[in-house]
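Down below is the structure, laid out as C-alpha coordinates.
Naming: A, B, ... by sequence-line order, numbering from 1 per chain. Values in this document were obtained by computation on a predicted structure and should not be read as measured data.
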Amino acid sequence: MSKAIKKTGKPAAKKEDKAVTIEGKKLQLTNLQKLYWEEEKITKGDVIDYYSKIYRYIIPYLKDRPQSMKRNPNGIKDEGFFQKDMRGEAPEWADTIELYSESANKHIDYFLCNNKASLIYMANLGCIEINPWNSRTKSLDNPDYIIMDIDPSEKNSFDDVIEVAKAVKTVLDKAGAAAFLKTSGASGMHVYVPLGAKYDYDHARAFAELVAHLTVELLPNLTTTERSLSKRPKNKLYVDYLQNRKGQTLASAYSLRPRPGATVSTPLEWKELKKGLHPSKFTIQTIFKRLDAKGDIFKPVLGKGVDMRKCLKNLGA
Amino acid sequence: MRSIWTGSICFGLVNIPVKLYSAVEASELNLDMLDKKDHSHIKFKRVNESTGKEVAWANIVKAYDLNGKYVILGEEDFAKASPEKTKNIDIFQFVKLQEIDSVYFETPYYLEPDKSGTRAYALLREALRKSGMAGLGNFVLRNREHLVILKAKDNAIILNTIRFEEEIRDASNLKLPAKTSAKPNEIKMALSLIENMTATFDIKAYKDNYTAELMKLIKAKARGKTVKQPVMKVVHRQSDDLMSQLKASLSKKQKKAS
(Lines give C-alpha, C1' and ligand atoms only; values in the text may rest on other atoms or scores of the structure.)
Protein backbone atom coordinates (compact mmCIF):
# COMPACT_ATOMS: atom_id res chain seq x y z
CA MET A 1 0.00 0.00 0.00
CA SER A 2 1.38 3.38 -0.87
CA LYS A 3 0.01 5.71 1.71
CA ALA A 4 2.53 8.51 1.84
CA ILE A 5 1.87 11.08 4.51
CA LYS A 6 0.45 14.04 2.69
CA LYS A 7 1.12 17.51 3.90
CA THR A 8 -2.39 18.76 4.33
CA GLY A 9 -1.50 21.98 6.10
CA LYS A 10 -4.17 21.27 8.72
CA PRO A 11 -3.21 22.79 12.03
CA ALA A 12 -4.59 19.75 13.85
CA ALA A 13 -2.51 17.20 11.91
CA LYS A 14 0.07 15.52 14.10
CA LYS A 15 3.01 13.29 13.39
CA GLU A 16 0.92 10.30 14.42
CA ASP A 17 -1.76 11.20 11.91
CA LYS A 18 -1.97 10.09 8.32
CA ALA A 19 -4.32 10.94 5.49
CA VAL A 20 -5.22 7.89 3.39
CA THR A 21 -7.40 7.20 0.37
CA ILE A 22 -9.07 3.79 0.26
CA GLU A 23 -10.99 2.91 -2.88
CA GLY A 24 -11.31 6.62 -3.60
CA LYS A 25 -12.60 7.45 -0.13
CA LYS A 26 -10.54 9.85 1.92
CA LEU A 27 -10.02 9.49 5.60
CA GLN A 28 -7.72 10.86 8.25
CA LEU A 29 -6.12 8.26 10.50
CA THR A 30 -5.19 9.64 13.89
CA ASN A 31 -3.03 8.77 16.92
CA LEU A 32 -1.54 5.76 15.16
CA GLN A 33 1.22 5.37 17.73
CA LYS A 34 -1.18 5.22 20.67
CA LEU A 35 -0.61 2.05 22.71
CA TYR A 36 -3.86 0.08 22.90
CA TRP A 37 -2.24 -2.89 24.61
CA GLU A 38 0.46 -1.49 26.84
CA GLU A 39 1.98 -4.80 27.86
CA GLU A 40 1.88 -6.36 24.41
CA LYS A 41 3.04 -3.07 22.82
CA ILE A 42 0.22 -3.16 20.28
CA THR A 43 -0.78 0.23 18.89
CA LYS A 44 -3.88 1.65 17.32
CA GLY A 45 -1.94 1.57 14.04
CA ASP A 46 -1.57 -2.21 14.46
CA VAL A 47 -5.35 -2.53 14.90
CA ILE A 48 -5.91 -0.57 11.70
CA ASP A 49 -3.35 -2.77 9.89
CA TYR A 50 -5.12 -5.86 11.23
CA TYR A 51 -8.50 -4.79 9.89
CA SER A 52 -6.95 -3.76 6.61
CA LYS A 53 -5.53 -7.29 6.22
CA ILE A 54 -8.50 -9.23 7.64
CA TYR A 55 -10.95 -7.20 5.53
CA ARG A 56 -11.47 -9.81 2.82
CA TYR A 57 -12.27 -12.48 5.43
CA ILE A 58 -14.44 -10.42 7.78
CA ILE A 59 -16.51 -8.40 5.29
CA PRO A 60 -19.16 -11.11 4.54
CA TYR A 61 -20.02 -11.10 8.26
CA LEU A 62 -20.40 -7.30 8.38
CA LYS A 63 -21.95 -6.22 5.08
CA ASP A 64 -25.45 -4.69 5.37
CA ARG A 65 -25.60 -5.28 9.12
CA PRO A 66 -26.26 -2.35 11.45
CA GLN A 67 -23.30 -1.87 13.77
CA SER A 68 -23.33 -1.33 17.51
CA MET A 69 -20.03 0.42 17.73
CA LYS A 70 -17.99 -0.48 20.75
CA ARG A 71 -15.32 2.19 20.99
CA ASN A 72 -12.15 1.78 23.01
CA PRO A 73 -10.27 5.00 22.24
CA ASN A 74 -8.07 4.42 25.29
CA GLY A 75 -7.20 0.88 24.31
CA ILE A 76 -7.93 -2.08 26.58
CA LYS A 77 -7.25 -0.37 29.88
CA ASP A 78 -10.83 0.84 30.25
CA GLU A 79 -14.24 -0.45 29.24
CA GLY A 80 -14.76 1.94 26.37
CA PHE A 81 -18.31 2.80 25.39
CA PHE A 82 -21.00 1.86 22.90
CA GLN A 83 -22.09 4.25 20.19
CA LYS A 84 -25.01 3.36 17.98
CA ASP A 85 -26.12 6.72 16.63
CA MET A 86 -23.83 8.11 13.91
CA ARG A 87 -26.15 10.97 12.91
CA GLY A 88 -24.06 13.86 11.63
CA GLU A 89 -20.83 11.97 12.23
CA ALA A 90 -20.49 9.27 9.60
CA PRO A 91 -18.47 10.32 6.53
CA GLU A 92 -20.45 11.24 3.44
CA TRP A 93 -19.26 8.16 1.54
CA ALA A 94 -20.33 5.74 4.29
CA ASP A 95 -23.67 3.89 4.40
CA THR A 96 -25.98 4.31 7.35
CA ILE A 97 -29.54 3.17 8.04
CA GLU A 98 -32.10 5.09 10.04
CA LEU A 99 -33.86 2.80 12.50
CA TYR A 100 -36.00 3.38 15.54
CA SER A 101 -34.11 2.58 18.71
CA GLU A 102 -36.33 1.59 21.59
CA SER A 103 -33.63 2.16 24.15
CA ALA A 104 -32.99 5.67 22.87
CA ASN A 105 -36.69 6.25 22.07
CA LYS A 106 -35.82 7.95 18.79
CA HIS A 107 -34.70 7.28 15.26
CA ILE A 108 -30.96 6.87 15.03
CA ASP A 109 -28.50 6.38 12.18
CA TYR A 110 -26.81 3.01 12.47
CA PHE A 111 -23.47 2.67 10.73
CA LEU A 112 -23.15 0.03 8.02
CA CYS A 113 -19.72 -1.41 7.36
CA ASN A 114 -20.08 -2.03 3.64
CA ASN A 115 -16.58 -1.40 2.33
CA LYS A 116 -12.96 -1.33 3.33
CA ALA A 117 -12.87 2.39 4.05
CA SER A 118 -15.79 1.98 6.47
CA LEU A 119 -13.99 -0.78 8.35
CA ILE A 120 -10.83 1.32 8.63
CA TYR A 121 -12.97 4.30 9.66
CA MET A 122 -14.41 2.21 12.51
CA ALA A 123 -10.95 1.03 13.56
CA ASN A 124 -9.81 4.64 13.58
CA LEU A 125 -12.69 5.50 15.94
CA GLY A 126 -11.21 3.00 18.37
CA CYS A 127 -13.43 0.04 17.50
CA ILE A 128 -11.19 -2.83 18.54
CA GLU A 129 -14.21 -5.10 18.54
CA ILE A 130 -16.79 -5.27 15.74
CA ASN A 131 -20.39 -5.93 16.77
CA PRO A 132 -22.79 -6.49 13.86
CA TRP A 133 -26.49 -7.33 13.98
CA ASN A 134 -27.53 -10.91 13.24
CA SER A 135 -29.77 -9.68 10.41
CA ARG A 136 -29.16 -7.61 7.28
CA THR A 137 -30.88 -4.41 6.13
CA LYS A 138 -33.01 -6.26 3.55
CA SER A 139 -34.43 -8.63 6.16
CA LEU A 140 -33.97 -6.85 9.48
CA ASP A 141 -36.49 -9.04 11.30
CA ASN A 142 -34.99 -12.34 10.13
CA PRO A 143 -31.58 -13.28 11.50
CA ASP A 144 -29.16 -15.18 9.27
CA TYR A 145 -28.18 -17.49 12.12
CA ILE A 146 -28.84 -18.55 15.68
CA ILE A 147 -26.07 -17.96 18.19
CA MET A 148 -25.60 -20.14 21.25
CA ASP A 149 -23.35 -18.18 23.57
CA ILE A 150 -21.39 -20.35 25.97
CA ASP A 151 -20.42 -18.01 28.74
CA PRO A 152 -18.35 -19.47 31.60
CA SER A 153 -18.40 -18.17 35.17
CA GLU A 154 -15.12 -17.21 36.78
CA LYS A 155 -14.95 -20.62 38.38
CA ASN A 156 -15.15 -22.57 35.13
CA SER A 157 -12.09 -23.70 33.21
CA PHE A 158 -11.89 -23.62 29.44
CA ASP A 159 -12.15 -27.42 29.51
CA ASP A 160 -15.66 -26.86 30.94
CA VAL A 161 -16.43 -24.60 27.99
CA ILE A 162 -15.23 -27.33 25.62
CA GLU A 163 -17.45 -29.91 27.30
CA VAL A 164 -20.51 -27.67 26.97
CA ALA A 165 -19.73 -26.85 23.32
CA LYS A 166 -19.61 -30.59 22.65
CA ALA A 167 -22.99 -31.03 24.37
CA VAL A 168 -24.50 -28.24 22.26
CA LYS A 169 -23.12 -30.01 19.20
CA THR A 170 -24.65 -33.32 20.35
CA VAL A 171 -28.07 -31.64 20.65
CA LEU A 172 -27.73 -29.98 17.24
CA ASP A 173 -26.51 -33.22 15.64
CA LYS A 174 -29.59 -34.96 16.97
CA ALA A 175 -31.70 -32.18 15.50
CA GLY A 176 -29.88 -32.57 12.20
CA ALA A 177 -28.88 -28.90 12.31
CA ALA A 178 -25.59 -27.68 10.89
CA ALA A 179 -23.47 -26.01 13.56
CA PHE A 180 -20.33 -23.88 13.41
CA LEU A 181 -17.97 -23.00 16.17
CA LYS A 182 -15.80 -20.01 17.05
CA THR A 183 -13.98 -18.73 20.08
CA SER A 184 -15.59 -15.60 21.46
CA GLY A 185 -12.10 -14.16 21.76
CA ALA A 186 -12.77 -13.74 25.47
CA SER A 187 -13.41 -16.65 27.83
CA GLY A 188 -16.26 -18.41 26.02
CA MET A 189 -17.31 -19.90 22.71
CA HIS A 190 -20.09 -19.23 20.21
CA VAL A 191 -21.98 -21.88 18.24
CA TYR A 192 -23.78 -20.63 15.11
CA VAL A 193 -26.64 -22.39 13.34
CA PRO A 194 -27.41 -21.03 9.84
CA LEU A 195 -31.02 -19.92 9.29
CA GLY A 196 -30.80 -18.26 5.87
CA ALA A 197 -33.07 -15.42 7.10
CA LYS A 198 -36.07 -17.78 6.83
CA TYR A 199 -37.41 -17.28 10.36
CA ASP A 200 -38.01 -14.19 12.48
CA TYR A 201 -36.18 -13.40 15.70
CA ASP A 202 -38.97 -14.86 17.86
CA HIS A 203 -38.63 -18.27 16.24
CA ALA A 204 -34.83 -18.09 16.28
CA ARG A 205 -34.87 -17.31 19.98
CA ALA A 206 -37.41 -20.06 20.72
CA PHE A 207 -35.26 -22.61 18.90
CA ALA A 208 -32.14 -21.38 20.72
CA GLU A 209 -33.98 -21.63 24.04
CA LEU A 210 -34.92 -25.21 23.25
CA VAL A 211 -31.31 -26.09 22.36
CA ALA A 212 -30.13 -24.43 25.58
CA HIS A 213 -32.56 -26.42 27.71
CA LEU A 214 -31.67 -29.71 26.00
CA THR A 215 -27.99 -28.92 26.62
CA VAL A 216 -28.66 -28.31 30.30
CA GLU A 217 -30.50 -31.63 30.45
CA LEU A 218 -27.32 -33.31 29.14
CA LEU A 219 -25.06 -31.49 31.61
CA PRO A 220 -27.22 -30.53 34.60
CA ASN A 221 -24.31 -30.19 37.00
CA LEU A 222 -22.22 -27.94 34.79
CA THR A 223 -24.69 -25.70 32.95
CA THR A 224 -27.64 -23.40 33.54
CA THR A 225 -30.02 -21.27 31.51
CA GLU A 226 -30.63 -19.01 34.51
CA ARG A 227 -30.20 -15.51 33.20
CA SER A 228 -30.37 -13.66 36.49
CA LEU A 229 -26.87 -13.40 37.90
CA SER A 230 -28.13 -13.41 41.46
CA LYS A 231 -29.95 -16.71 40.93
CA ARG A 232 -27.24 -18.32 38.79
CA PRO A 233 -25.11 -20.86 40.65
CA LYS A 234 -21.55 -19.57 40.91
CA ASN A 235 -19.81 -22.56 39.43
CA LYS A 236 -22.18 -23.06 36.50
CA LEU A 237 -21.72 -22.17 32.94
CA TYR A 238 -24.44 -20.06 31.33
CA VAL A 239 -25.87 -21.29 28.05
CA ASP A 240 -27.12 -17.97 26.72
CA TYR A 241 -29.88 -18.15 24.12
CA LEU A 242 -30.86 -14.48 24.42
CA GLN A 243 -28.30 -13.25 21.90
CA ASN A 244 -30.99 -14.00 19.33
CA ARG A 245 -32.86 -10.74 19.65
CA LYS A 246 -33.18 -7.93 17.16
CA GLY A 247 -30.46 -5.39 17.79
CA GLN A 248 -28.55 -7.71 20.10
CA THR A 249 -24.92 -7.99 19.07
CA LEU A 250 -21.77 -9.84 19.92
CA ALA A 251 -18.27 -9.84 18.48
CA SER A 252 -18.26 -11.09 14.89
CA ALA A 253 -16.03 -13.81 13.50
CA TYR A 254 -12.48 -12.41 13.01
CA SER A 255 -13.20 -9.49 15.34
CA LEU A 256 -10.34 -8.48 17.60
CA ARG A 257 -11.24 -8.30 21.28
CA PRO A 258 -10.04 -5.66 23.73
CA ARG A 259 -8.55 -8.34 25.96
CA PRO A 260 -5.05 -9.19 27.11
CA GLY A 261 -3.12 -10.91 24.32
CA ALA A 262 -5.14 -9.21 21.55
CA THR A 263 -7.27 -12.28 20.95
CA VAL A 264 -9.39 -12.78 17.85
CA SER A 265 -12.81 -14.43 17.71
CA THR A 266 -11.64 -17.40 15.63
CA PRO A 267 -13.72 -20.05 13.82
CA LEU A 268 -12.65 -23.58 14.74
CA GLU A 269 -13.27 -27.02 13.34
CA TRP A 270 -15.20 -29.33 15.65
CA LYS A 271 -12.31 -31.81 15.59
CA GLU A 272 -10.08 -29.14 17.10
CA LEU A 273 -12.29 -29.10 20.17
CA LYS A 274 -10.07 -31.10 22.47
CA LYS A 275 -8.93 -30.78 26.04
CA GLY A 276 -6.03 -28.39 26.27
CA LEU A 277 -7.31 -26.11 23.52
CA HIS A 278 -7.19 -22.50 24.71
CA PRO A 279 -8.58 -19.31 23.16
CA SER A 280 -5.42 -17.39 24.06
CA LYS A 281 -3.71 -19.16 21.15
CA PHE A 282 -5.85 -17.33 18.62
CA THR A 283 -4.55 -13.78 18.39
CA ILE A 284 -3.69 -10.88 16.11
CA GLN A 285 -0.31 -12.59 15.60
CA THR A 286 -1.50 -16.12 14.82
CA ILE A 287 -4.71 -15.67 12.84
CA PHE A 288 -3.23 -15.06 9.41
CA LYS A 289 -1.08 -18.17 9.38
CA ARG A 290 -4.20 -20.13 10.30
CA LEU A 291 -6.25 -18.48 7.57
CA ASP A 292 -3.53 -19.19 5.01
CA ALA A 293 -3.76 -22.88 5.90
CA LYS A 294 -7.50 -23.32 6.41
CA GLY A 295 -9.22 -20.40 4.68
CA ASP A 296 -12.53 -19.14 6.01
CA ILE A 297 -14.15 -22.24 7.49
CA PHE A 298 -17.06 -20.20 8.91
CA LYS A 299 -18.57 -19.36 5.51
CA PRO A 300 -21.45 -21.92 5.62
CA VAL A 301 -22.96 -19.87 8.48
CA LEU A 302 -24.16 -17.45 5.81
CA GLY A 303 -25.31 -20.23 3.52
CA LYS A 304 -28.41 -22.40 3.38
CA GLY A 305 -30.43 -22.34 6.59
CA VAL A 306 -31.73 -25.28 8.56
CA ASP A 307 -35.36 -26.42 8.40
CA MET A 308 -36.66 -25.88 11.93
CA ARG A 309 -39.65 -28.19 11.50
CA LYS A 310 -37.41 -31.04 10.41
CA CYS A 311 -35.13 -30.32 13.36
CA LEU A 312 -38.06 -30.52 15.78
CA LYS A 313 -39.14 -33.79 14.24
CA ASN A 314 -35.64 -35.17 14.68
CA LEU A 315 -35.72 -34.09 18.32
CA GLY A 316 -38.93 -36.05 18.80
CA ALA A 317 -41.52 -33.31 18.85
CA MET B 1 -13.95 13.84 12.52
CA ARG B 2 -16.43 14.81 9.88
CA SER B 3 -17.26 18.42 9.15
CA ILE B 4 -20.86 19.47 9.74
CA TRP B 5 -20.81 22.70 7.76
CA THR B 6 -18.67 24.39 5.13
CA GLY B 7 -18.55 28.11 4.40
CA SER B 8 -16.43 31.20 4.90
CA ILE B 9 -15.43 33.60 7.65
CA CYS B 10 -16.21 37.09 6.28
CA PHE B 11 -15.18 40.47 7.61
CA GLY B 12 -14.26 43.65 5.77
CA LEU B 13 -12.84 42.44 2.48
CA VAL B 14 -11.45 39.25 3.99
CA ASN B 15 -12.95 35.89 3.15
CA ILE B 16 -11.55 32.68 4.68
CA PRO B 17 -13.05 29.37 3.48
CA VAL B 18 -13.48 27.01 6.47
CA LYS B 19 -15.03 23.75 7.64
CA LEU B 20 -16.87 23.43 10.94
CA TYR B 21 -16.36 20.48 13.31
CA SER B 22 -18.03 19.70 16.61
CA ALA B 23 -15.51 20.26 19.42
CA VAL B 24 -17.25 18.22 22.12
CA GLU B 25 -18.76 14.78 22.68
CA ALA B 26 -20.82 13.23 25.47
CA SER B 27 -19.21 10.81 27.90
CA GLU B 28 -22.29 9.18 29.38
CA LEU B 29 -23.02 5.46 29.48
CA ASN B 30 -25.76 4.12 27.26
CA LEU B 31 -28.23 2.36 29.55
CA ASP B 32 -31.17 0.22 28.40
CA MET B 33 -34.54 0.04 30.14
CA LEU B 34 -35.77 -3.46 31.03
CA ASP B 35 -38.74 -4.99 32.79
CA LYS B 36 -37.62 -5.85 36.34
CA LYS B 37 -39.32 -9.24 36.17
CA ASP B 38 -37.99 -10.85 32.99
CA HIS B 39 -35.46 -8.34 31.61
CA SER B 40 -37.43 -7.77 28.41
CA HIS B 41 -36.73 -4.50 26.66
CA ILE B 42 -39.12 -1.65 27.40
CA LYS B 43 -40.80 -0.39 24.27
CA PHE B 44 -42.24 3.08 23.75
CA LYS B 45 -45.33 3.74 21.71
CA ARG B 46 -46.87 7.01 20.57
CA VAL B 47 -50.55 6.59 21.30
CA ASN B 48 -53.61 8.69 20.66
CA GLU B 49 -54.75 9.97 24.04
CA SER B 50 -58.46 9.54 23.21
CA THR B 51 -58.45 6.16 21.49
CA GLY B 52 -55.39 4.62 23.13
CA LYS B 53 -54.32 3.38 19.68
CA GLU B 54 -50.78 3.66 18.33
CA VAL B 55 -50.19 6.47 15.79
CA ALA B 56 -47.75 6.12 12.89
CA TRP B 57 -45.04 8.75 12.41
CA ALA B 58 -46.64 9.79 9.12
CA ASN B 59 -49.85 10.71 10.92
CA ILE B 60 -48.23 12.91 13.56
CA VAL B 61 -48.21 16.70 13.13
CA LYS B 62 -46.69 19.45 15.25
CA ALA B 63 -48.85 22.17 16.77
CA TYR B 64 -48.58 25.20 19.01
CA ASP B 65 -51.10 25.82 21.78
CA LEU B 66 -52.08 29.47 21.23
CA ASN B 67 -54.48 30.54 23.99
CA GLY B 68 -56.12 27.15 24.10
CA LYS B 69 -56.40 26.77 20.33
CA TYR B 70 -54.00 24.56 18.38
CA VAL B 71 -52.25 26.02 15.37
CA ILE B 72 -50.95 23.18 13.17
CA LEU B 73 -47.54 23.76 11.61
CA GLY B 74 -46.32 22.02 8.47
CA GLU B 75 -42.83 21.79 7.00
CA GLU B 76 -43.48 24.74 4.69
CA ASP B 77 -44.31 26.90 7.74
CA PHE B 78 -40.99 26.11 9.35
CA ALA B 79 -39.25 26.85 6.04
CA LYS B 80 -40.92 30.28 5.83
CA ALA B 81 -39.77 31.25 9.30
CA SER B 82 -36.20 30.08 8.68
CA PRO B 83 -33.49 32.64 8.03
CA GLU B 84 -32.02 33.07 4.58
CA LYS B 85 -29.44 30.37 4.01
CA THR B 86 -25.98 31.84 3.61
CA LYS B 87 -22.64 30.17 3.62
CA ASN B 88 -20.96 32.91 5.62
CA ILE B 89 -19.86 33.46 9.16
CA ASP B 90 -20.28 37.26 9.11
CA ILE B 91 -18.13 39.03 11.64
CA PHE B 92 -19.55 42.47 12.42
CA GLN B 93 -17.32 43.56 15.27
CA PHE B 94 -14.50 42.52 17.58
CA VAL B 95 -14.98 42.50 21.35
CA LYS B 96 -12.81 41.86 24.39
CA LEU B 97 -13.08 38.19 25.29
CA GLN B 98 -13.42 38.99 29.03
CA GLU B 99 -16.47 41.12 28.34
CA ILE B 100 -18.53 38.07 27.44
CA ASP B 101 -19.96 36.43 30.54
CA SER B 102 -19.77 32.60 30.64
CA VAL B 103 -23.57 32.44 30.93
CA TYR B 104 -23.76 33.33 27.21
CA PHE B 105 -21.45 30.55 25.99
CA GLU B 106 -23.25 27.68 24.32
CA THR B 107 -21.60 25.05 22.06
CA PRO B 108 -17.97 25.12 20.88
CA TYR B 109 -16.92 24.09 17.36
CA TYR B 110 -13.54 23.90 15.63
CA LEU B 111 -12.94 25.76 12.41
CA GLU B 112 -10.50 24.25 9.93
CA PRO B 113 -9.26 26.31 6.97
CA ASP B 114 -9.67 25.17 3.41
CA LYS B 115 -6.33 24.88 1.59
CA SER B 116 -6.75 28.27 -0.02
CA GLY B 117 -7.47 29.91 3.32
CA THR B 118 -4.59 28.58 5.39
CA ARG B 119 -2.56 31.80 5.46
CA ALA B 120 -5.48 34.11 6.19
CA TYR B 121 -6.66 31.68 8.87
CA ALA B 122 -3.27 31.69 10.61
CA LEU B 123 -3.15 35.47 10.39
CA LEU B 124 -6.60 35.91 11.95
CA ARG B 125 -5.76 33.40 14.67
CA GLU B 126 -2.54 35.19 15.64
CA ALA B 127 -4.24 38.57 15.59
CA LEU B 128 -7.03 37.28 17.86
CA ARG B 129 -4.48 35.76 20.21
CA LYS B 130 -2.24 38.81 20.41
CA SER B 131 -5.11 41.23 20.92
CA GLY B 132 -7.10 39.05 23.33
CA MET B 133 -10.14 39.89 21.23
CA ALA B 134 -12.92 37.76 19.88
CA GLY B 135 -14.81 38.20 16.63
CA LEU B 136 -18.55 38.61 17.12
CA GLY B 137 -20.78 37.54 14.26
CA ASN B 138 -23.57 35.32 13.07
CA PHE B 139 -24.17 32.36 10.80
CA VAL B 140 -26.92 29.91 9.85
CA LEU B 141 -26.62 26.26 10.92
CA ARG B 142 -29.48 23.81 10.30
CA ASN B 143 -31.98 26.56 9.47
CA ARG B 144 -31.30 28.44 12.67
CA GLU B 145 -29.42 31.69 12.96
CA HIS B 146 -26.73 31.65 15.62
CA LEU B 147 -24.83 34.42 17.32
CA VAL B 148 -21.20 33.36 17.56
CA ILE B 149 -17.78 34.45 18.72
CA LEU B 150 -14.50 33.36 17.15
CA LYS B 151 -11.45 33.02 19.36
CA ALA B 152 -7.99 31.50 19.19
CA LYS B 153 -7.17 28.30 21.08
CA ASP B 154 -3.85 26.56 20.49
CA ASN B 155 -3.58 26.10 16.72
CA ALA B 156 -7.30 26.40 16.10
CA ILE B 157 -9.90 29.09 15.80
CA ILE B 158 -12.86 28.11 17.94
CA LEU B 159 -16.35 29.12 16.98
CA ASN B 160 -18.54 29.26 20.07
CA THR B 161 -22.28 29.80 19.69
CA ILE B 162 -23.57 32.47 22.06
CA ARG B 163 -27.00 32.63 23.65
CA PHE B 164 -29.31 35.51 22.81
CA GLU B 165 -30.34 37.90 25.57
CA GLU B 166 -33.87 36.46 25.78
CA GLU B 167 -32.52 32.99 26.55
CA ILE B 168 -31.01 34.13 29.86
CA ARG B 169 -33.28 34.11 32.87
CA ASP B 170 -33.59 37.16 35.09
CA ALA B 171 -31.98 36.68 38.51
CA SER B 172 -33.83 39.62 40.11
CA ASN B 173 -36.50 37.32 41.55
CA LEU B 174 -33.94 35.51 43.71
CA LYS B 175 -33.26 36.75 47.23
CA LEU B 176 -29.60 37.75 46.91
CA PRO B 177 -27.64 39.79 49.48
CA ALA B 178 -26.50 43.31 48.59
CA LYS B 179 -22.87 44.03 47.63
CA THR B 180 -21.98 45.84 50.87
CA SER B 181 -23.23 43.29 53.39
CA ALA B 182 -19.81 41.79 54.27
CA LYS B 183 -17.41 43.30 56.85
CA PRO B 184 -13.94 44.42 55.68
CA ASN B 185 -11.92 42.01 57.88
CA GLU B 186 -14.18 39.13 56.80
CA ILE B 187 -13.51 39.99 53.18
CA LYS B 188 -9.79 40.08 53.97
CA MET B 189 -10.02 36.60 55.44
CA ALA B 190 -11.97 35.27 52.47
CA LEU B 191 -9.43 36.81 50.09
CA SER B 192 -6.51 35.16 51.85
CA LEU B 193 -8.33 31.83 51.70
CA ILE B 194 -8.77 32.23 47.96
CA GLU B 195 -5.12 33.17 47.62
CA ASN B 196 -4.04 30.06 49.51
CA MET B 197 -6.10 27.84 47.27
CA THR B 198 -5.10 29.46 44.01
CA ALA B 199 -3.51 27.23 41.37
CA THR B 200 -3.17 27.23 37.60
CA PHE B 201 -6.26 25.89 35.88
CA ASP B 202 -5.58 22.36 34.62
CA ILE B 203 -8.60 20.56 33.17
CA LYS B 204 -6.64 17.28 33.01
CA ALA B 205 -6.82 17.04 36.80
CA TYR B 206 -10.58 16.46 36.68
CA LYS B 207 -12.27 13.36 35.36
CA ASP B 208 -15.90 12.40 34.96
CA ASN B 209 -15.77 9.88 37.82
CA TYR B 210 -19.46 9.05 37.77
CA THR B 211 -19.29 7.16 34.46
CA ALA B 212 -16.13 5.32 35.50
CA GLU B 213 -17.60 4.39 38.90
CA LEU B 214 -20.84 3.22 37.31
CA MET B 215 -18.90 1.09 34.82
CA LYS B 216 -16.88 -0.45 37.67
CA LEU B 217 -20.10 -1.31 39.44
CA ILE B 218 -21.60 -2.81 36.28
CA LYS B 219 -18.51 -4.97 35.82
CA ALA B 220 -18.63 -6.18 39.41
CA LYS B 221 -22.33 -6.96 39.10
CA ALA B 222 -21.75 -8.83 35.83
CA ARG B 223 -19.12 -10.98 37.55
CA GLY B 224 -21.78 -11.84 40.09
CA LYS B 225 -20.09 -10.58 43.23
CA THR B 226 -23.42 -10.32 45.02
CA VAL B 227 -24.59 -13.82 44.12
CA LYS B 228 -26.88 -15.51 46.63
CA GLN B 229 -27.15 -19.27 47.15
CA PRO B 230 -29.73 -20.73 44.79
CA VAL B 231 -32.93 -22.29 46.04
CA MET B 232 -33.51 -25.93 45.09
CA LYS B 233 -36.24 -26.33 42.54
CA VAL B 234 -38.42 -29.23 41.52
CA VAL B 235 -37.14 -30.57 38.21
CA HIS B 236 -39.45 -29.99 35.31
CA ARG B 237 -38.63 -30.78 31.74
CA GLN B 238 -39.00 -27.28 30.35
CA SER B 239 -37.75 -28.47 26.97
CA ASP B 240 -40.98 -30.44 26.38
CA ASP B 241 -43.08 -27.28 26.70
CA LEU B 242 -40.68 -25.30 24.55
CA MET B 243 -40.72 -27.92 21.84
CA SER B 244 -44.50 -28.09 21.58
CA GLN B 245 -44.84 -24.30 21.66
CA LEU B 246 -42.29 -23.84 18.88
CA LYS B 247 -43.92 -26.58 16.82
CA ALA B 248 -47.32 -24.94 17.14
CA SER B 249 -45.92 -21.53 16.23
CA LEU B 250 -44.12 -22.90 13.16
CA SER B 251 -47.25 -24.61 11.82
CA LYS B 252 -49.16 -21.36 12.27
CA LYS B 253 -46.46 -19.58 10.32
CA GLN B 254 -46.65 -22.12 7.52
CA LYS B 255 -50.42 -21.83 7.27
CA LYS B 256 -50.12 -18.08 6.96
CA ALA B 257 -47.51 -18.41 4.23
CA SER B 258 -49.49 -20.86 2.11
Check the side chains of A:Asn156 and A:Ser153 for a donor-acceptor pair under 3.5 angstrom, ignoring hydrogens and angles.
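Side chains of A:Ser153 and A:Asn156: pair found under 3.5 Å.
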Side chains of A:Asn131 and A:Ser68, donor plus acceptor under 3.5 Å
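No pair is found: no donor N or O on one side chain lies under 3.5 Å from an acceptor on the other.
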Which of the residues [options] is involved in the greatest number of heavy-atom pairs with chain B at under 4.5 angstrom?
options: A:Leu210, A:Asp202, A:Asn124, A:Val216; answer: A:Leu210
options: A:His107, A:Lys313, A:Arg245; answer: A:His107
options: A:Ala212, A:Ser228, A:Ala90; answer: A:Ala90

Which region of [X], side chain (C-beta onward) or backbone (N, CA, C, O), has a non-hydrogen atom less than 4.5 Å from a non-hydrogen atom of chain B, or is it both or neither?
X: A:Glu209; result: both
X: A:Phe207; result: both
X: A:Leu242; result: neither
X: A:Glu92; result: both

Atom of A:Tyr199, atom of A:Met308 and distance for their closest heavy-atom approach:
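That closest heavy-atom pairing would be OH-N, 2.9 Å.
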4.5 Å side-chain heavy-atom contact, B:Val55 and B:Lys53:
no
With a 4.5 angstrom heavy-atom cut-off, is it the side chain or the backbone of B:Arg46 that approaches chain A, or both, or neither?
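Just its side chain gets close to chain A.
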B:Ile4, part contacting chain A, at a heavy-atom distance under 4.5 Å
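It is the side chain, since no backbone atom gets that close.
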Checking salt bridge (Lys or Arg N to Asp or Glu O under 4.0 Å) for the pair A:Glu98/A:Arg87: CA distance, chi angles, key distance, verdict?
CA-CA 9 Å; A:Glu98 187 186 77; A:Arg87 180 150 303 178; 2.7 Å; yes
For the pair A:Glu129 and A:Asn72, evaluate side chain to side chain contact (heavy atoms under 4.5 Å, CB included) and give the outcome as yes or no after the intermediate values.
CA-CA 8 Å; A:Glu129 186 178 296; A:Asn72 286 80; 5.5 Å; no
Tell me which one of A:Phe111, A:Tyr110, A:Tyr201 satisfies ring-ring contact (aromatic ring centres under 6.0 Å, His included) with A:Trp133.
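In the set A:Phe111, A:Tyr110, A:Tyr201, the residue that makes a ring-ring contact (aromatic ring centres under 6.0 Å, His included) with A:Trp133 is A:Tyr110.
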Could you check which of B:Leu31, B:Leu34, B:Asp38 has the highest count of heavy-atom pairs closer than 4.5 Å to chain A?
B:Asp38
